[in-house]
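Step one of this worksheet: look at the structure below.
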Amino acid sequence: YERHRVLSVAMLVGAGSYIGASLAPVSTGLPVLLVFYPVTLFCIVALAAAALPMMGDVVDYDRLRTGENRAGLYSSAQAFLAKSMTGVAAAFGFAVLGWLGFDAQASEQSVGGAFAIKLIVMWLPALGAVLGGLLSWSFPIDRALQQKISAELKMRDDNAAASRVA
């Protein structure tokens, strides 16, 4: 399977799992979690398994285009964005929870507080996953193009090595 399609399907199925869990009645509790939580975890693992090799494809394409190996730059940018977005998402989530009436001290949440929890924990992540899944579906580097890029890089490296020996 194409990596970008695995990533896209994982994001879309994960979004469906979030939405399914959010629509289940609260009274169903644990049985619902036993269905949707493993699906979500499987999708997260599939996403990670596809995303990192896709970054390698981008690094190879960039190396072919520029002649420079900037894998470290891509890796550090990805790590920075992941950590930064975690902090921003947490701050945003807590702010929205407060604005919509979530009360951490309450024994039972108000309608606004319950809505806020579902919005932050289920619906907004599902929306992000749907958007990411749709965008990643059309990722331009497929298996055939990656093989062509790899072959061209190998030829370039072999020529450079031959010229150094001569």
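The basis for the numbers below is simple: all heavy atoms, side chains too, and nothing from hydrogens, waters or symmetry mates. Computed from a predicted structure; not experimentally measured. Sequence positions, counted from 1, serve as the residue numbers for this chain.
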Phe139 atom CZ, neighbour heavy-atom count above 12 within 6.0 Å:
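For Phe139, atom CZ is crowded (more than 12 foreign heavy atoms under 6.0 Å).
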
Over all heavy atoms of both residues, which pair between [X] and [Y] is shortest? Give the atoms and the distance, please.
X: Ala51; Y: Leu7; result: CB-CD1, 3.7 Å
X: Asn69; Y: Ala71; result: OD1-N, 3.1 Å
X: Gly113; Y: Gln109; result: CA-OE1, 3.8 Å
X: Arg156; Y: Leu64; result: NH2-O, 2.7 Å
X: Ile19; Y: Ala126; result: CG1-CB, 3.7 Å
X: Lys118; Y: Ser22; result: NZ-O, 2.7 Å

For [X] and [Y], indicate whether the former's side chain and the latter's backbone hold a donor-acceptor pair under 3.5 Å.
X: Ser150; Y: Gln146; result: yes
X: Ser8; Y: Ser136; result: no
X: Arg5; Y: Trp137; result: yes

Indicate yes or no: at least one non-hydrogen side-chain atom of [X] is less than 4.5 angstrom from one of [Y].
X: Leu97; Y: Phe94; value: yes
X: Asp142; Y: His4; value: yes
X: Tyr37; Y: Leu41; value: yes

Rounded to the nearest 0.5 Å, how far does [atom2] of [Y] lie from [atom1] of [X]?
X: Leu134; Y: Leu12; atom1: CG; atom2: CG; result: 5.5 Å
X: Leu47; Y: Met11; atom1: CG; atom2: CE; result: 5.5 Å
X: Glu152; Y: Arg65; atom1: CD; atom2: CZ; result: 14.0 Å
X: Leu145; Y: Asp57; atom1: CG; atom2: CG; result: 8.5 Å
X: Leu131; Y: Leu127; atom1: CG; atom2: CG; result: 4.5 Å
X: Met55; Y: Asp62; atom1: CE; atom2: CG; result: 12.0 Å

Cluster check [X], [Y]: I/L/V/M/F/W/Y, side chain < 4.5 angstrom:
X: Met54; Y: Val9; result: no
X: Val13; Y: Val6; result: no
X: Ile44; Y: Phe36; result: no
X: Leu124; Y: Leu100; result: yes
X: Tyr18; Y: Val130; result: no

May I ask you to decide whether Arg63 forms a salt bridge with Asp60, counting only side-chain N to carboxylate O separations under 4.0 Å?
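No, this pair does not count.
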
Ring centroid separation Trp99 to Phe92 under 6.0 Å:
no

